[in-house]
Amino acid sequence: MSLCFITLNTFSQEKELQNITWIAQSHNSSESMPVGGGDIGLNLWVENGSIYLYLSKSGTFDENNTLLKLGRVKLKLTPNPFEGKTFKQELILKDDYAQISGSNGKLNTKIKVWVDVFNPVVHLEVKSSQKITTEAAYESWRFEDRITKGKENNQNSYKWAPQGIVKTLKDEIAFKNNTVQFYHQNKPETVFDVTVKQQDLEAEKSKLFNPLNNLIFGGSIQGNNMIPAGNYDGIYLSTPFKAWTLKSKKPSSSTKLTITLNTATIGSIQDWETNLKAINNKNSQKASIKWWNDYWKRSFIFINSKDELANQSSKNYQLFRYMLGCNAFGKYPTKFNGGLFTFDPQLTDTALKYTPDFRNWGGGTHTAQNQRLVYWPMLKSGDFEMMKPQFDFYLNLLKNAEIRTQSAWGHNGASFTEQLENFGLPNPAEYGWKRPADFNKGMEYNAWLEYEWDTVLEFCIMILETERYNGANIEKYMPLIESSLTFFKEHYTYLAKQRGAKALDADGHLVLFPGSGAETYKMAYNSTSTIAALKTVLERLLELPNVSEKQKTEWSAMLKTIPSINFRSFNGYITIAPAKLWERINNTESPQLYPVYPWGIYGIGKPGLDTAINTYNYDTDVLKFRSYIGWKQYNIFAARLGLTSEAAKLTTAKLKDSGRRFPAFWGPGFDWTPDHNWGGSGMIGLQEMLMQADGKKIYLFPAWPKDWDVHFKLYAPYQTTVEGTLKNGKLIDLKVIPESRKKDVINKMIQ
């Protein structure tokens, strides 16, 4: 179908970004504002005239694998500008800083808070019309050891199965010259050692990657004209704390504070301190502003509609992408269960009166089914550099996963489980402590997670897609992809040979039994999610340039062994089955629609679209499980199938204001607040409604309501960007780079 458009000037991106502005103070940390950059996240709020911020940073895992916050900072000004009638707190998205201003009589004060993208430094700049005294207190709830009991252990890797007493060990905090210095140094014995012993891998221990070993994290607070001013004790919500205070030597109209953070795997505190002092904390914001300006220009979706929920979806799409951008350069991926922006847990669940370190579903534990939804939208938003921490996470664990496979079953390949520790072994609670003596040591003794190994293949295809979208060099990740495939080939051959004389079925296919259809269809035979994953990854590998004939031959041979997807019918309608057979249903996912998304076997312009639509409309499990909450991805399925009204209804339900003060603090859903896989699945749905790619074809508006005016810029395969404006149902502006790709664009709005 030919394109019809006329070129007009689009609205400026700067005008379309909506800053968040509050004109009243907050009641507590749940009404905080996210600010961040590089790999640092702050929760910033003003309560009872004082400024507070929580400090979070990527990779701060303690002995129990809790992702610890780095403390809380309280800023108090005297006289206090926030005791007057004028107050404003604003998040300036374009340049990434927050500004807090207040007036009390003739006293006018502004505080700018920003994070350096390229150095782990937080800046607070106080400017006032009169000389004031500034007090900056470092408040810590980890001033002493704390025993964690009951559900509080859900913040660590022990979860509901602690082995003896579990403690969050105290930090070291002290005045040092005119600074407050704080750090947590992991003890030699950690949950890594406990897990290795549990899973009978002690003979291999010296070969295993251990990210918790020699880990030290913390930082220092300092300010010009500021000196130590003693300690105080207090309680915030239900958590006791101790504070170390810095105070102005004399009143001033200008004060600058810096919080310098350092996380390192290092031998000694002395070396850590040397590294901390070497961090560049000069107050130069230009490079950070440029990074954020470029970030916002790279990709966007701005909706202007009479439908207020559509407008909210657009606004919150940008806000969630902002939160993702705050961990662009983290050593570890953004966590699905709160990212860098969790707050006091009793404000999410009143029964959980725990410390601010709490988050449900663990800190160092990686839940792949949830994590994938945080990272998929980064392809179409062009945020390829931000995907590296997630890819490196798996690459760093490759050797451990291969050692585990070899130890348990004596064959090759990397076995990555669904609940995966940041050292590549199954979560010890999910692995199970009360196991039958003769139970296979490679298996989790867990009805929810047994035989669920295929989620790694979604990260493999993401890696392959960065090559297709961005021309990325993925050579270093090829061993990860190949080893993940090798596991399926060798393990299911191994299991078949244990059952009988033949390794393959009568058609020469692998017998994928026992398996799992996501976390839902258990003890599955030929799970559809696994078949679709294996087939798609192998086909993409065969499309790669510059691979050897040997590799092509091996991949082609394996592709021939992948069985076909199975079908069933409802009221005479043929639908995709979740597997050939299964024994029970444990969860509420719909893996029968995974061939639609993420695997793209069915979709607009492809054979069998009617079968996929039947699955969405008539499969009784799909109908029963349908929702927009949390990680549910029905909005994405609907968009991929071209079901415009359904996609719009579910996506706007997902991306509507959260009900909390910050509109993109969704959750807890099935996980925690802010729920990042809720936000990620919302982003994906909006992208897929707007633009889909199939090979070289680029479909515009495949599930887009005609009355949603939109200005967008998204990325497509083959290093292509598509920017356009839809107004009154007509494409009035289109810019495709490179221009040669414009011929591949198909406007579904005029079909």
Side-chain angles (χ1 to χ4, degrees), residues 10-23 32-46 51 53-57 73 75 87-102 108-128 254-261 280-302 314-330 334 339-341 378 381-383 385-386 661-665 711 713 723:
T10 56
F11 298 110
S12 75
Q13 170 262 336
E14 184 176 350
K15 288 181 181 177
E16 290 171 319
L17 273 176
Q18 296 181 50
N19 294 336
I20 298 298
T21 304
W22 299 337
I23 57 172
S32 55
M33 177 180 283
V35 181
D39 71 343
I40 293 170
L42 313 176
N43 292 72
L44 175 69
W45 76 103
V46 181
I51 297 169
L53 58 87
Y54 278 128
L55 297 164
S56 296
K57 192 174 188 294
V73 175
L75 206 65
F87 174 85
K88 185 179 180 182
Q89 180 175 342
E90 186 172 18
L91 178 60
I92 313 296
L93 285 169
K94 178 176 171 286
D95 296 338
D96 180 34
Y97 67 90
Q99 186 161 278
I100 302 167
S101 56
N108 300 298
T109 304
K110 287 186 178 180
I111 299 99
K112 179 193 261 189
V113 182
W114 62 279
V115 180
D116 194 321
V117 170
F118 302 103
N119 296 288
V121 183
V122 178
H123 295 266
L124 295 95
E125 302 167 7
V126 183
K127 292 185 178 180
S128 186
S254 177
T255 301
K256 293 180 180 178
L257 292 101
T258 55
I259 306 167
T260 307
L261 303 178
N280 179 6
N281 62 6
K282 291 180 181 177
N283 186 358
S284 175
Q285 199 178 0
K286 285 184 179 178
S288 293
I289 286 176
K290 183 181 184 304
W291 188 89
W292 280 102
N293 288 177
D294 291 344
Y295 184 69
W296 294 120
K297 291 172 186 173
R298 184 186 307 152
S299 171
F300 47 83
I301 300 174
F302 297 119
S314 170
K315 174 194 66 177
N316 293 333
Y317 177 99
Q318 323 307 331
L319 292 180
F320 184 68
R321 184 165 173 256
Y322 167 75
M323 292 160 71
L324 294 177
C326 293
N327 190 35
F329 301 119
T334 297
L340 297 173
F341 299 111
M378 295 181 191
S381 63
D383 298 320
E385 64 184 346
M386 287 163 47
R661 192 168 201 189
F662 191 75
F665 275 7
H711 176 204
K713 182 181 179 184
E723 181 175 357

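- Smallest separation of non-hydrogen atoms from A664 and F320: CB-N, 4.3 Å.
- In terms of heavy-atom proximity, S101 sits nearest to K110 at CB-CG, 3.8 Å.
- Under the rule for a ring pair (Phe, Tyr, Trp, His ring centres under 6.0 Å), the partners of Y54 that lie at least two apart in sequence or sit in another chain are W45, W141.
- With sequence neighbours excluded, the residues that form a salt bridge (Lys or Arg N to Asp or Glu O under 4.0 Å) with K88 are E90.
- Between atom CD1 of residue I20 and atom CG of residue L93 there is a gap of 6.5 Å, rounded to the nearest 0.5 Å.
- Smallest separation of non-hydrogen atoms from E16 and F302: OE1-CD1, 2.9 Å.
- Side-chain polar atoms of W114 and E125 form a donor-acceptor pair below 3.5 angstrom.
- In this view, K315 and D657 satisfy the side-chain hydrogen bond (donor to acceptor under 3.5 Å, both in side chains) rule, not counting sequence neighbours.
- The backbone N or O of M33 sits nowhere less than 3.5 Å from a side-chain atom of Q89 that would complete a donor-acceptor pair.
- Remark: D39 CG to L261 CG distance equals 8.5 Å, nearest 0.5 Å.
- Residue L91 forms a side chain to side chain contact (heavy atoms under 4.5 Å, CB included) with just one option from F662, Y97, W22, and that option is F662.
- S381 and S299 make their closest contact through O-CB, 2.9 Å (heavy atoms, listed as atom of the first residue, atom of the second, distance).
- Residues satisfying the side-chain hydrogen bond (donor to acceptor under 3.5 Å, both in side chains) criterion with S314, sequence neighbours excluded, are absent altogether.
- A search for side chain to side chain contact (heavy atoms under 4.5 Å, CB included) contacts involving D96 returns V35, W292, Y322, not counting sequence neighbours.
- Across every non-hydrogen atom of Q318 and W296, the tightest pair is O-CH2, 3.5 Å.
- Closest approach of D116 and S284 over heavy atoms only: OD2-O, 4.4 Å.
- For K112, the side-chain hydrogen bond (donor to acceptor under 3.5 Å, both in side chains) partners are Q285, not counting sequence neighbours.
- Here the CG atom belonging to L42 is positioned 7.0 Å from the CD1 atom belonging to I259, to the nearest 0.5 angstrom.
- Under the 4.5 Å side-chain criterion, counting only non-hydrogen atoms from C-beta, Y295 is in contact with R321.
- K57 pairs in a side chain to side chain contact (heavy atoms under 4.5 Å, CB included) with only one of the listed residues (V122, L340, I40, N327), which is I40.
- Panel note: side chain T109, backbone G102; no donor-acceptor pair is recorded below 3.5 Å.
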Report the C-alpha separation of L75 and L257 in whole Å, then their side-chain angles, then the decisive distance to 0.1 Å, and conclude whether the side-chain contact (heavy atoms from CB on, under 4.5 Å) test is met.
CA-CA 10 Å; L75 206 65; L257 292 101; 4.0 Å; yes
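- To the nearest 0.5 Å, atom CG of residue D95 and atom CD1 of residue I289 are 4.5 Å apart.
- Distance check: N316 CG to F665 CZ gives 12.0 Å after rounding to the nearest 0.5 Å.
- Distance check: L319 CG to L324 CG gives 11.0 Å after rounding to the nearest 0.5 Å.
- Ion pairing of R298 with D294 is absent here, as no side-chain N (NZ or NE/NH1/NH2) approaches a carboxylate O to less than 4.0 Å.
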